[in-house]
There are 2 protein chains.
Amino acid sequence: MHPLSQTATIRTGTSAPPAVLGRPTLASIFLGRPVESFEAGETVFWQGEAAREVFELAEGCLRLCRILPDGRRVVTGFIYAGAVVGVAVGSRHDCSAEAVTPVRLRRIDRRAFHAEVDRSDELRPQLLAMIQAEVSAAQAHIIMLGCKTAEERVATFLVTVAQRTGADLKSPVQIQLPMTRRDIADFLGLTLETVSRIMSKFKRDGLIAPVVQRTIRLRRMQFLQELTGEFDEDDGFTGCPRMASAH
Amino acid sequence: MHPLSQTATIRTGTSAPPAVLGRPTLASIFLGRPVESFEAGETVFWQGEAAREVFELAEGCLRLCRILPDGRRVVTGFIYAGAVVGVAVGSRHDCSAEAVTPVRLRRIDRRAFHAEVDRSDELRPQLLAMIQAEVSAAQAHIIMLGCKTAEERVATFLVTVAQRTGADLKSPVQIQLPMTRRDIADFLGLTLETVSRIMSKFKRDGLIAPVVQRTIRLRRMQFLQELTGEFDEDDGFTGCPRMASAH
DNA sequence: CGCACAGTTGATTCGGCTCAAAGCCTGTGG
DNA sequence: CCACAGGCTTTGAGCCGAATCAACTGTGCG
């Protein structure tokens with residue numbers, strides 16, 4: 001029902017026999033733990049707080065943000081249903097996690113989580129892979145902030161969200177943007193006005209079309225991907241790991 | 001002899017009995033492997049190349065950089081002696097590693113490395129801690145690129161390098177900057193001219209003083225830390241994990 | 001209805017980029 | 001030993017992309 005719950009959400013009643021008999025996943029560690037709900041705007045954990053627990057987002061969308069002493073804010077990432085948060089941090093959270101939409105999640109003690117992972121030959125590589133994906137996303141973010149123009153950043157953001165849906169990126173994709181312009185701006189290192197202006201320009205140019213509030217349709221994916229600045233005519237979108245190879 | 005080999009460099013002749021009998025570390029996995037040398041400017045591994053091996057930097061300094069199709073460059077990080085590189089990546093390197101100074105390193109097959117770590121109850125948490133530090137550094141980089149001014153970025157860079165030396169940050173610190181202005185600029189998301197101008201300004205203001213070529217002395221650490229934008233008068237430098245706590 | 005909040009759009013400003021020209025080391029060869 | 005070349009750095013002048021400041025338009029919601 002909620003927006004952005006398109007990815008594989010683990011829906012398991014406490015009574016239903018969990019998938020523990022099948023292949024264990026990181027998410028399965030949270031089975032049996034009570035589900036908590038947060039209203040949009042509520043904070044799940046705070047920057048600077050001791051990182052005693054890890055969380056599994058069952059439904060909704062979180063923003064991870066960090067505030068500088070003088071009030072400047074950076075959104076370091078958006079978290080969607082199915083993801084596990086709070087693993088790759090030290091003893092304290094370096095950012096706050098705030099609910100963008102109504103959120104449902106489970107939590108478990110960090111030590112217990114790590115003990116469980118450490119015990120399983122199947123889970124250990126999964127954890128590593130998860131953290132690698134996190135590093136990879138951070139890297140991509142650094143590239144964006146380090147050298148892309150405002151237009152390229154917005155295009156990159158839209159394409160990234162579209163990729164997350166798993167849809168075929170050749171044809172038009174419909175995406176949800178539950179976060180505000182300010183959230184997007186703080187994620188992209190821009191102002192909300194600049195984000196708004198560029199979205200308007202993309203609409204004028206027929207690249208995107210509003211569907212309903214906070215839902216848009218990406219109409220010309222190919223062109224959008226070229227606008228990200230990472231598109232090479234010969235080899236296509238060279239997102240994170242792939243690269244223009246020597247012919 | 002080489003600059004920037006201030007951190008604990010693992011110096012072990014192949015004949016000397018390695019520290020394997022003591023507590024194993026990630027670095028000890030590389031003991032016995034042959035040491036390779038690279039000239040300044042040479043590339044250790046390439047962006048897009050299959051990531052088949054991990055590396056332990058014994059001496060010197062590497063820059064990790066990523067090139068966009070149109071030639072823009074981002075330096076995602078500098079690696080110093082003692083560090084292990086190439087672990088937290090997927091199947092392909094998402095950036096190249098180039099020698100800033102003459103470099104000496106050891107390499108080992110990724111699978112072998114991971115097998116070794118996976119086998120040891122002591123090494124597994126060390127690997128996790130290492131990757132967490134990497135995530136933390138990436139986060140700090142994102143903050144910097146996301147909302148800091150040019151002056152704050154340069155100050156942050158200088159303070160970060162100073163922290164790495166492990167010196168007491170109250171008193172003046174002497175640091176090596178083996179990389180070029182362009183490297184620093186590409187790391188900070190600025191142009192080399194801007195970096196140069198700001199360094200000149202810091203010199204004029206008595207914050208830093210040149211010692212010899214590529215070596216400077218940070219004379220007023222407190223003030224430099226305030227310039228980073230992460231300094232809070234009450235609680236001091238709120239670098240990565242710590243945070244202004246509720247009193 | 002009226003308030004609060006998100007988003008859009010316009011006018012103006014400014015920080016950092018671009019372009020250009022010297023300075024400065026380091027190495028090299030006569 | 002000096003002259004010269006090439007790369008790195010510094011400094012200046014002008015410009016531009018995005019920020020800032022400000023007004024206005026939806027869009028829920030009590």
Side-chain angles (χ1 to χ4, degrees), chain A residues 3 39-41 63 70-75 98 100-102 144-157 176-205 208-216 227 229, chain B residues 3 39-41 63 70-75 98 100-102 144-157 176-205 208-216 227 229:
Chain A
E39 294 299 311
R63 65 172 167 258
D70 67 353
R72 277 174 288 183
R73 190 182 80 149
V74 183
V75 171
E98 300 167 3
V100 171
T101 64
M144 192 175 62
L145 299 175
C147 72
K148 290 195 186 183
T149 66
E151 205 171 283
E152 288 169 336
R153 294 183 198 199
V154 175
T156 304
F157 178 67
Q176 311 265 5
L177 298 176
M179 61 295 284
T180 67
R181 292 283 183 265
R182 168 163 292 285
D183 290 335
I184 299 174
D186 288 347
F187 180 72
L188 299 180
L190 301 170
T191 59
L192 64 92
E193 292 96 329
T194 298
V195 172
S196 180
R197 268 184 255 272
I198 290 172
M199 297 281 265
S200 296
K201 180 173 185 299
F202 284 175
K203 276 174 200 156
R204 269 199 306 282
D205 297 350
I208 66 178
V211 177
V212 297
Q213 195 63 356
R214 306 227 152 150
T215 301
I216 61 173
L227 280 183
Chain B
E39 294 299 311
R63 66 173 167 259
D70 67 353
R72 277 175 288 183
R73 190 182 80 150
V74 183
V75 172
E98 301 166 2
V100 171
T101 63
M144 192 175 64
L145 298 175
C147 72
K148 290 194 186 183
T149 65
E151 205 171 284
E152 288 170 336
R153 294 183 197 197
V154 175
T156 303
F157 178 66
Q176 311 263 6
L177 297 176
M179 61 295 283
T180 68
R181 292 281 183 265
R182 169 165 292 284
D183 290 335
I184 299 174
D186 288 347
F187 180 72
L188 298 180
L190 301 170
T191 58
L192 64 92
E193 292 97 329
T194 298
V195 172
S196 179
R197 270 184 254 272
I198 290 172
M199 297 281 264
S200 298
K201 180 172 186 300
F202 283 175
K203 278 174 200 155
R204 271 199 306 280
D205 296 350
I208 64 178
V211 177
V212 297
Q213 195 62 358
R214 308 231 148 147
T215 301
I216 60 172
L227 281 182

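Chain A is the first sequence line, chain B the second, and so forth, proteins listed ahead of strands; every chain is numbered from 1.
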Nucleotide C:dG27, atom C1' - distance to CD of B:Gln213 in whole Å: 14 Å
Matching residue for A:Asp186 among A:Arg72, A:Arg73, A:Arg153 - test: salt bridge (Lys or Arg N to Asp or Glu O under 4.0 Å): A:Arg73
Nearest atoms (heavy-atom pairs only) where B:Ala155 meets B:Leu227: CB-CB, 3.7 Å
Integer-rounded Å distance: C:dC17 C1' and B:Arg72 CZ: 14 Å
Boundaries of the DNA chain D segment in contact with chain B, non-hydrogen, under 4.0 Å: D:dC8 to D:dA13
Non-hydrogen atoms of B:Leu145 and B:Phe187 that approach each other most closely: CD2-O, 4.0 Å
Touch class at under 4.0 angstrom, heavy-atom based, for B:Arg214 against every strand present: sugar-phosphate
Residues in contact with DNA chain D, drawn from residues 190-200 of chain A - heavy-atom cutoff 4.0 Å: A:Leu190, A:Thr191, A:Glu193, A:Thr194, A:Arg197
B:Lys201 side, atom NZ; B:Ile208 side, atom CD1 - distance, nearest 0.5 Å: 11.0 Å
Point-to-point distance, once rounded to the nearest 0.5 Å, from CZ of A:Phe157 to CG of A:Leu188: 6.5 Å
Non-neighbouring partners of B:Arg63 that pass salt bridge (charged side-chain N to carboxylate O under 4.0 Å, His left out), sequence neighbours left out: B:Glu98, B:Asp183
Touch class at under 4.0 angstrom, heavy-atom based, for A:Lys201 against every strand present: nothing
Sugar-phosphate only, base, or nothing, as touched by B:Gly41 at under 4.0 Å among non-hydrogen atoms: nothing
Worked verdict on B:Met199 versus B:Leu177 for side-chain contact (heavy atoms from CB on, under 4.5 Å): CA-CA 12 Å; B:Met199 297 281 264; B:Leu177 297 176; 3.8 Å; yes
Side-chain donor/acceptor of A:Arg182 to backbone N/O of A:Leu192, under 3.5 Å: no
Selected nucleotide, minimal atom distance to B:Ala150 side chain, candidates C:dT8, C:dG16, C:dG7: C:dG16
Nearest-Å distance for atom pair CZ/P, residues B:Arg181 and C:dG16: 17 Å
